[in-house]
Each structure stands twice: as C-alpha cells, then as structure tokens.
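Only one structure is covered here, and it is reproduced in the block below.
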Amino acid sequence: MNLRKISVAELPGVGPKRLDAIKSLGINSIYDLLFYFPFRYEDMEVKSLDDAVDQEKILLKGIVASEPVVVRFGYKKNRLNVRVLVENESVMVTFFNQPWIKDKFETGNEVAVYGKWNENRRSLTGMKVIGSSQQDTIDSVYSVNKNIHQKTLVNLIKLAFDKYQDEIESIIPEYLLEKYQLMDDRSMVKGMHFPNSEEENESARRSAKFREFFLFECGIQSVKAKDEQENDGLVEDYDENYVNKFIETLPFQLTNAQNKVVNEILADMKSDHHMNRLLQGDVGSGKTIVAVIAMLAAVTAGFQAAIMAPTEILAQQHFEKIGNLLESLHIRTSILTGSQTKKEHDTIAENIREGRTNVIVGTHALIQDSVDFKNLGLIVIDEQHRFGVNQRKALREKGNNPDVLAMTATPIPRTLAITTYGDMEVSRIDELPAGRKKIETYWIRSQKVEQMYKFVSKQLANKAQVYVVTPLISESEKIDLKNAELIYDKFNELYAPKYKIGILHGQMSNDDKEEIMNKFSHQEIDVLVSTTVIEVGVDVPNASVMVIYDANRFGLSQLHQLRGRVGRGEKQSYCILIADPKNDVALERMKILTSTNDGFVLAEEDLKMRGSGDLLGSKQSGLPDFKVGNPIADFNILQTAQIEAEQIFKDPQAMENPENKVLKSFLNDEFDQLNNFD
Ligand code: ADP
Ligand code: MG
C-alpha cells in the first residue's frame, strides 16, 4: 500500500472543511500526516519553585489541595481554578477553556502540571496535566496555523498511526539501519510522535534526521550521476615531473593540507571525470598557489587556464604574482580587465583567441562576448561567492567543458558546502602555513580611540605596516570618501612626515590604485587608509595591523575577510575593531571575533546565533530547508548520509539491487511529484 497515494480524507471525521485545514499545513496524504513531525519537544523536567523564573514554562509537581472550580465568563469562555500544594506552598493553577480537565484533579492526589509561571502572583497558567507517576516527560509541539489546533492534529496523527502503522515501509535500506542502529520507519514515526521515553525519542530523532539527509543526498547524487553520464570531462594529461619540479622551486614548502588538495585537483584533471570542485580555505591559508599549480598543470597538458577575480586590485595582484612565478618557465600570462582601452583589450583578446597566451588573469571582463579562448582547459574562480551563478556558467561556456576550480574563503561550514554545493566536490585547506601567529583582536568603543592611536604609534615604531579601513557609510560615494579622507587627514596629522600615509578608495583610477597598492607592497607607505576595496584577496605579508572603523557596520564574514589581510607573514599581527554596537547581535559579533580566528568556528557561531546568519549574503535561497535535521548541529549525521548516498550511486546498477527497492520507488515517486509541480 502506498501511503503517499492515500488521502487524509480516508480518516474518520475528516470532512471537506477539516481536509482544507489539514491541507493548509501542506499535508495531503496519510504519508504526509505521519511524517509531519513535531518541530520541537519541550523537555519537561519537574522544577522546584525556587528555580522557577517569571513567564517560564515549567512542570510543577504537588498535591491537589482544593476542589477544582470552573468559572464561566464572557461568551463561551471559562476558567478552571485549582490549588496545588507544591513544596508546602499553595500555588493557584488556572486553566482557560479546558473545563474537562477538572476530572484530573482529585483532592489529596499527586499531580504534575505543566504551564507558565507567574512570579509575582506565585501562580501557574496551566497548559497540560501530566500523570503524576511520570517524573520527567516530553511534550511534542507541532507547527500549526489558525485553521487547525495542535490537539486536532495530534488526534488525526493518532488515528492514522493506529490504522496504517503496519503499512509504513522502511525506505532506508536494511543494511544502513543495521550499520547505524537506526529505527525502521514505523518505529521512528511512533518515537517521533508518541515516545514513551526520552531514549525512544532520541533514537527516533536521530533516525529521522538520517533519513531526511539521506533522501536529500540521494536526490543530489542522482542529479550528479546524470550530469556525469552526459558530460564527458577533459582529460588533461599534464606533465607530472614538470609540475613537481615547479613545486620544489617554490620559496616555501606546501603545507600538508595544500599537498592534499593539490593531489585531489590533479587527479580530477587527469581523469575524464569533469572537475567541479570547491576549494575552501580560510583567509591566508594559501589557496592562490594551489590554483597556480593547477593552472601550470593544465598548460603542460596543452591547454589554456584562466583565473577570474572579483576586483581589479586582486586581478592585478594575481597577475603580478603568477607572472613572477611562471615567467622563467616561458609560460605567457596576460591580464584582462574592464579598465583597459579598447585597443589594449583587442590585442589581448586576440592573443587569447590565437592561443598565444597560456594563462589568463582577469575580472568579469573575461566573460565578455568579445573574449574567445583557443582551448580553455581549466577555469579558476577566485572568491567564488562574489560571482553569480550565471557569471560562473558564462566563463565555463568559454571552453569545451573545462574543469572548474572555485575558491572561497567564505567560511561556509563544510556542512553547508555539502548541502548547497552538492554537485561540487569539496577540498578544504584546513591548516595555515607554519609559523603564522594568531592574530590578536581587540574591540574598543569609539570614545577610546586615543588608545588605538597610541597602539599604532608603537607598532609603527616597530616597523609595522598598518591598514585602516572605514566602511561604506552611505550609498553616496562622496560621503564615504569624506569619511576616509577625514581619517586620512587625522593620521597625517598624527604621524606624518615621519611615516607615510596613503589613501585608497573606489573612485580612484585603476592606475592610481595600482600605484598605491604597489607602494604599500614595497613598504613605501606605512599606513594605508582605505575603503573596503581591499576587502578580498589582497596579500601584503608585511602588514601586521588592521584597524577597522565602525566595525559594527560590517557583517561577520566581511570582518573576518578584512582581518585576514594581516597575519600573512611571520610577524605578530593585530586587529583593532572600533565599534559601538547598538544591539545584542552586534555586541555578540564583537565578542565572537575577539575570541576566535577560525573562520569556520566563526561561521558556525554566527549560524547558531541567527539561523542562516548573514554570512551567506542576502541570497540564502540555495540552502535547502530541512525539517528535522540541522545541517550545523547534526553535521555528523549529514556527512554520514552523504557518504552513504554517494556510495550507492557509485554503482550505476545499485538501484536495481533488491535491498534498494523501496528507496528506488520512493525516489521515483519524488521525481514524479517534482514533475507534477513543474
Ligand atoms: P588565501 O588563501 O587567502 O588566498 P594566499 O594564497 O593569498 O591566501 O596566501 C597567503 C600568503 O601565504 C601569501 O603571501 C602566500 O605566498 C603565502 N603562502 C602560501 N602558502 C604558503 C606556505 N605553504 N608556506 C608559507 N607561506 C605560504
Ligand atoms: Mg585569495
């Protein structure tokens, strides 16, 4: 019997009106109803009156001390009053509009009542009477709307369970249930709705989470499998010796994490599997060199490689660094940006088209129609979260199915990477180069700004280079500029001419920006006052102090990115946040930043604080909406589910295996439903 095909109207007492009410919760079939799980459980532990906090929901236990009295008032309204002796104190318990509860109070008997505590009146607004035998109990809370009550819903679920429980087939293959000690679907449904114990509920929840994640991952894997069948990737038969030699000549040794991801990437490139890989690594972890190695490999295989960066400053920086690294190998690099003249552009574009340049660095100018590649084999997208899906796709279409390496420091927890970029494989650089010291972060209020000046003086005397960043204060570039200029004047007043102060902002010409950045790189400028144009990617290892004005105006990930401009060398680095947080969230941000340097920890904190947080920017729509599982809190389960789903889909015949029969038909049904909605 397929419970997804049986309407809830089959249940006794469900007429057209109630049917509509249930449908308004998105419940159509018996299956939907049985899998409409509580969104929360109230863990009811008996409280002592001394511990009760005003307006808190608590469970009190005592002896019924008076006959319950029902008082009617208003139209169809009533209230039940009963006194309960709790720890020698007589507490008034009141229930509204539940006169039938009267029967549960018999004078002299023990009773446990769940409700909202009023500290002033020392009284309880009752919500539920619990059998006195239970010490602790769990209360399921369902999300309902104005059309339907909790109680009605619970009763319907009970009816459905009684009638159809034997028809609940387990979708998760038996071997997985055994391997992870999961409940089958019938026991899980029971344990989710009507647990007899905390343990039963725990186990049901764990099973439900696995099930939810697993089915989601099966969906992703089946899409991916299809993608792979239809897409033949490029085989980039690169020169392994050459690449290894290059790695040996680098001025530093790759970290273990860098080595690991380089191997993952190169293996993908060599295989006919189409690479679609996300490289995550915290700011300063050394992603660029990994990209350079991959690009070099592509070139030795006879292909062109392109890297796209979100800002001109960053593109310029990459161009110089990559150029320096590859020059002696006679690999020709070129840069393409929006600020070039038409003549420059045309010459460069022709070189790209004719295959005269091998490695091309650029901004989104790379995806213009006028740009064609001879044989693009590898695309690197730096700071990929700064590009829209379409821009990424457009670059991809410049070649014949080139391999894609997307890089990001946005601290998307791996969990979210798996769920959001399910079609991408994830490589992660999880260590910083040796010798890096923890950036010390301090937060001060603006009235204490003098402290920062003093600190900066000391640092300058120690030959430190300093960034001073001011946020976009308004939509008006002019006002922002004024803000940066005021700070620039102030720093000049304080430190010039002994120290050189520079200013950088979005309204300067690219040549001017480049000149300032070069001077800062070459230590001809000591203090660089800047707007957020330096936010991403900029790499000046000698800079060791980052001062951020109005830090409360930045999001957590942006602050982390900015802070990541320092701590790139062996010097002790500092970050000073000047902020007057105006609410708890802003305050919490300052505290989190001062307590950790780890972008991933930070991201998870932020997510815990506010659901999806602001880390992923405004468009969070890419995140699937899980009902039972929380991709952060339940990371282990998510990961396990992902691995198992992947395992199944590795074998193209696996779905024909009898043990996956129910799973297969479930996924097919799901797919049919998708088609129906289209
Ligand atoms: P990000 O991951 O933020 O893009 P970068 O690639 O800009 O980081 O690297 C940060 C700095 O660390 C650069 O100056 C780079 O040369 C340096 N670097 C990269 N890898 C190593 C390493 N293994 N050992 C020492 N320094 C390294
Ligand atoms: Mg970078």
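Everything numeric in this text was worked out from a predicted model, so none of it was measured.
We find that R186 and E169 are not joined by a salt bridge, their nearest charged nitrogen and carboxylate oxygen being 4.0 Å or further apart. Taking 4.0 Å as the cut-off between side-chain N and carboxylate O, K163 and E10 do not count as a salt-bridged pair. With salt bridges taken as basic N to acidic carboxylate O contacts below 4.0 Å, none links K661 and E656.
One N or O on the side chain of D598 and one on the backbone of V601 form a donor-acceptor pair closer than 3.5 Å. Side-chain atoms of K190 come within 3.5 Å of backbone N or O of F194 as a donor-acceptor pair. Between the side chain of E212 and the main chain of G629, a donor-acceptor pair closer than 3.5 Å is present. With hydrogens and angles ignored, the 3.5 Å screen pairs a side-chain donor or acceptor of T594 with a backbone N or O of K591. In this structure, E644 contributes its side chain and F214 its backbone to no donor-acceptor pair below 3.5 Å. Under a 3.5 Å cut-off, the side chain of N81 and the backbone N or O of T94 do not form any donor-acceptor pair. Counting only distance, with no hydrogens or angles, the side chain of R206 and the backbone of Q181 share a donor-acceptor pair below 3.5 Å.
Aromatic rings of F37 and F35 (six-membered ring for Trp) have centroids within the 6.0 Å cut-off, being under it.
Using a 30° and 60° split on the angle between ring planes, Y31 and F666 fall in the tilted class, from 30° to 60°.
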Trace of the side chain to side chain contact (heavy atoms under 4.5 Å, CB included) decision for M192 with R205 = CA-CA 6 Å; M192 288 298 283; R205 274 151 78 174; 3.7 Å; yes

Check against side chain to side chain donor-acceptor pair (under 3.5 Å), D268 and H274 | CA-CA 7 Å; D268 259 6; H274 173 246; over 6 Å; no

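For K209, the NZ atom counts as densely surrounded, since its 6.0 Å shell holds more than 12 non-hydrogen atoms of other residues, nucleotides or ligands. E106 CD: 12 or fewer foreign heavy atoms inside a 6.0 Å radius.
Under the 3.5 Å distance criterion, with hydrogens and angles disregarded, a donor-acceptor pair is assigned to the side chains of D282 and H560. A donor and an acceptor atom, one from each side chain of R122 and N118, are nowhere located under 3.5 Å apart. Neither side chain, Q280 nor T408, offers a donor N or O lying under 3.5 Å from an acceptor on the other. No hydrogens or angles considered: nothing links the side chains of S29 and R4 as a donor-acceptor pair under 3.5 Å. Side chains of S187 and D184: a donor-acceptor N/O pair is present below 3.5 angstrom, by distance only. Residues W117 and E119 bring a donor and an acceptor atom of their side chains to less than 3.5 Å of each other.
For residues 144-179, there are no ring-ring contact (aromatic ring centres under 6.0 Å, His included) pairs, not counting sequence neighbours.
Rounding to the nearest 0.5 angstrom, the gap separating the NZ atom in K77 from the CZ atom in F96 is 10.0 Å. Note: L177 CG to S170 OG = 5.0 Å, rounded to the nearest 0.5 Å. Between the CG atom in L405 and the CG atom in N276 there is a gap of 10.0 Å [rounded to 0.5 Å]. Within the model, atoms CD of E425 and CG of L278 stand 11.0 Å from one another, a figure rounded to the nearest 0.5 Å.
Among S90, S66, S123, the single residue meeting the side chain to side chain donor-acceptor pair (under 3.5 Å) criterion with R83 is S90.
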